[in-house]
Chemist: 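The structure is given below, and queries will be raised subsequently.
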2 protein chains.
Amino acid sequence: MTLNLMAVRALLTLYAQNGFSVSVKVSTPALARTLGTSQQSASRILIRLEKEGLIERRSVGRVTFVRVTELGLNKLLDLYTDLRAVIERPMDFVLEGRVFTGFGEGAFYVSLPKYRQQFREKLGFDPFPGTLNVRLLSLDSINNRRLLNRIADVYIEGFKNGSRTYGGLKAIHGTFNDSELCAVLFIERTHYGSDVVEVISPVYLRGRFALKDGDKVRIRVTIPKEKVEREEVGGELVSVGT
Amino acid sequence: MTLNLMAVRALLTLYAQNGFSVSVKVSTPALARTLGTSQQSASRILIRLEKEGLIERRSVGRVTFVRVTELGLNKLLDLYTDLRAVIERPMDFVLEGRVFTGFGEGAFYVSLPKYRQQFREKLGFDPFPGTLNVRLLSLDSINNRRLLNRIADVYIEGFKNGSRTYGGLKAIHGTFNDSELCAVLFIERTHYGSDVVEVISPVYLRGRFALKDGDKVRIRVTIPKEKVEREEVGGELVSVGT
DNA sequence: ATTACTAAATGGCGAGTAG
DNA sequence: TCTACTCGCCATTTAGTAA
């Protein structure tokens, strides 16, 4: 015997109205409205929940009072802890790709004092003067790059030097080849497409891993919680509807 | 269009296998096994989830890879945040009843130094020498008393004094008539039934509220989170089954 | 105003099976 | 092996309606 989603939503709605510590007055039309279903369904669901021992009902004259039982609360807690275990878990975003030689500007930019100082302060390391270019291999990696671009929250500000303008960028910490600290850069006005990432590190990655162009590398970014932005909001209670 | 519970469980299962940052290899028989349903249902659910834009599928030869989309993740986050908003909320347990005069032992016990000292240390106040007896009125209040008895976590230890043994008790902080600090006592070997609570407070409650026997009073206990114990555990992923 | 029954429609389920 | 179709069966839904 398995509850369906509508019954779970009903149970949650009742619980949300303090229906665990206090019996709440519930009419089937009112419950139907908040659940977005029919009065008949609301009636049937209450009967069902009562049969399963998840709620208790008392009729006083014409109005009925409903109270969520401990068994009912435990059902909700089970669902909640299952969801939490999966969702409040660190998420790994892996970027896999092949090293290639870029336009060679990386070393110049990273060495600029105004950038370099910000890297030191905001990333916590003094970057090797140069960026490693990685062309992403899989669709998953390209998708992860797009997501990380949104999640990255280390902002390196641009600046002006006479007539020349230097753009801003965002960065996020990662692990290179599962061993070296690094940061993935998301440069505002880059020459590269969305299948390329530029990486800096306190160490000389090409030397450290004896990398030649075409070698496969892996960058792993771990996001502590559900920091992933939410496009839509949805709104209503238990909104798994469409 | 509303997803049913099985579809939500499928989405959560896919997401749990890192199916958001990486496409995971999924076969309909394997998914069916973990969901406890048939291969046909697993197939139907994947088709449905894809149609709704919650997952993306790619076939590489015979194996298919599934990836949860951002929309899919948001559906899970919606459900999760809805549940969290309701469950991780302070809970109020209200005990309503009428004052009555007991056997008059309260004053004696509370005044015993070994009890009094523990009250001071563990409850943070010096109790007025006497307990107020309240006979609970509603079924809800009696039920709440039972729950609070389980939740109460201030343990006052018993002791011996010569041949006489003084029993232990549990207590929990509350608010008396929505204004005065108090503590509800759960005494191990009490003369009263489960429809009675004994209350202590730093102030003389009978005087403070000019209480006569039979007067209605209200004790409110606020539990910060879901501290409510769980009888059963349940186990499996999204276990709303029976 | 309620609650909840019956009946008919809709939709989900799994066995069988094709590709 | 796999995916996904059809089909009979059962569960869930809503409309109508009784109490």
Side-chain angles (χ1 to χ4, degrees), chain A residues 1-14 17 19 23-68 75 236-242, chain B residues 1-14 17 19 23-68 75 236-242:
Chain A
M1 205 61 172
T2 303
L3 290 184
N4 62 23
L5 189 55
M6 193 59 94
V8 174
R9 289 177 58 199
L11 190 59
L12 184 61
T13 302
L14 296 173
Q17 298 169 28
S23 298
V24 288
K25 198 177 107 184
V26 175
S27 75
T28 51
L31 180 60
R33 268 191 300 279
T34 60
L35 293 179
T37 186
S38 66
Q39 176 272 324
Q40 292 86 342
S41 289
S43 172
R44 198 170 14 79
I45 288 167
L46 288 178
I47 293 170
R48 172 80 180 275
L49 291 175
E50 190 176 25
K51 256 187 203 158
E52 307 240 346
L54 308 179
I55 63 171
E56 288 167 357
R57 290 199 290 177
R58 275 180 310 118
S59 290
V60 178
R62 268 209 193 75
V63 294
T64 63
F65 290 88
V66 174
R67 181 188 172 102
V68 177
K75 272 282 191 300
E236 343 128 50
L237 201 67
V238 193
S239 47
V240 186
T242 311
Chain B
M1 204 64 170
T2 301
L3 291 183
N4 62 22
L5 190 54
M6 194 57 96
V8 174
R9 289 178 57 199
L11 191 58
L12 184 60
T13 301
L14 295 173
Q17 298 170 26
S23 298
V24 287
K25 200 176 109 185
V26 175
S27 75
T28 51
L31 181 61
R33 267 191 301 278
T34 60
L35 292 179
T37 186
S38 66
Q39 176 271 325
Q40 293 87 340
S41 290
S43 172
R44 203 161 8 80
I45 287 167
L46 288 177
I47 293 170
R48 173 80 180 275
L49 291 175
E50 190 175 27
K51 256 188 203 157
E52 306 242 347
L54 307 180
I55 63 170
E56 288 168 355
R57 290 199 289 177
R58 275 181 309 118
S59 290
V60 178
R62 269 209 194 77
V63 294
T64 64
F65 289 88
V66 174
R67 183 187 171 103
V68 177
K75 272 283 190 298
E236 345 129 49
L237 199 67
V238 194
S239 47
V240 187
T242 308

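Per chain, numbering begins at 1; letters A, B, ... match sequence-line order. These numbers were taken from a predicted model, which means no experiment stands behind them.
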Chemist: Can you tell which of D:dA4, D:dC2, C:dT2 lies closest to the side chain of B:Ile47?
Modeler: D:dA4
Chemist: Rounding to an integer number of Å, can you tell me how far B:Leu5 CG sits from D:dT12 P?
Modeler: 12 Å
Chemist: Could you write nucleotides 14-19 of chain D as a row of B, S and -, 5' to 3', where a protein heavy atom under 4.0 Å of any base atom gives B, of only sugar-phosphate atoms gives S, and otherwise -?
Modeler: BBB---
Chemist: Classify the nucleic acid contact of A:Ser43 as base, sugar-phosphate or nothing, counting any heavy atom under 4.0 Å across all strands shown.
Modeler: base
Chemist: Roughly how many Å is it from NZ in A:Lys25 to C1' in C:dA1, rounded to a whole number?
Modeler: 11 Å
Chemist: Which angle, rounded to 10°, do you find between the first-five-pair axis and the last-five-pair axis of the helix from C:dT2-D:dA19 to C:dG19-D:dC2?
Modeler: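 The end axes of the helix from C:dT2-D:dA19 to C:dG19-D:dC2 are about 30° apart, to the nearest 10°.
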Chemist: Taking OP1 and OP2 of C:dG12, is either one under 4.0 Å from a side-chain nitrogen or oxygen of B:Arg48?
Modeler: yes
Chemist: From CG of B:Leu31 over to C1' of D:dA4, roughly how many Å is that when rounded to an integer?
Modeler: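 Taking atom C1' of D:dA4 as the reference, CG of B:Leu31 is at 14 Å.
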Chemist: Mind calculating the distance between CZ (B:Arg57) and P (D:dC2) to the nearest angstrom?
Modeler: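 It works out to 15 Å between those atoms.
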Chemist: Can you check the B:Lys51 NZ to D:dT3 P distance for me, whole Å?
Modeler: 17 Å
Chemist: Name the residue closer to the 5' end of DNA chain D, choosing between B:Val26 and A:Met6 according to the nucleotide with the nearest heavy atom.
Modeler: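 Counting from the 5' end, the first nearest nucleotide belongs to B:Val26.
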Chemist: Quick one: salt bridge (Lys or Arg N to Asp or Glu O under 4.0 Å) partners of B:Arg57, sequence neighbours excluded?
Modeler: B:Glu50
Chemist: For B:Gln40, check side chain to side chain contact (heavy atoms under 4.5 Å, CB included) against everything at least two apart and list the hits.
Modeler: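 Checked B:Gln40 against side chain to side chain contact (heavy atoms under 4.5 Å, CB included); matches are B:Ser38.
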Chemist: Rounding to a whole Å, what distance do you find between B:Leu46:CG and C:dC13:P?
Modeler: 13 Å
Chemist: Using the side chain to side chain contact (heavy atoms under 4.5 Å, CB included) criterion, which residues pair with B:Thr28? Sequence neighbours excluded.
Modeler: B:Gln39, B:Ala42, B:Ser43, B:Leu46
Chemist: For A:Arg58, check salt bridge (Lys or Arg N to Asp or Glu O under 4.0 Å) against everything at least two apart and list the hits.
Modeler: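 Result, salt bridge (Lys or Arg N to Asp or Glu O under 4.0 Å) vs A:Arg58: none returned.
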Chemist: Which pair of heavy atoms, one from B:Leu5 and one from A:Leu3, lies closest together, and at what distance?
Modeler: CD2-O, 3.0 Å
Chemist: Expressed in angstrom and rounded to an integer, what is the separation of A:Phe65 atom CZ from C:dT2 atom P?
Modeler: 14 Å
Chemist: For B:Arg44, which residues count as a salt bridge (Lys or Arg N to Asp or Glu O under 4.0 Å) partner, sequence neighbours excluded?
Modeler: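 Residues passing salt bridge (Lys or Arg N to Asp or Glu O under 4.0 Å) with B:Arg44: none at all.
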Chemist: Among residues at least two apart in sequence or on other chains, which ones pass side chain to side chain contact (heavy atoms under 4.5 Å, CB included) with B:Thr37?
Modeler: B:Met6, B:Ala32, B:Leu35, B:Ser41
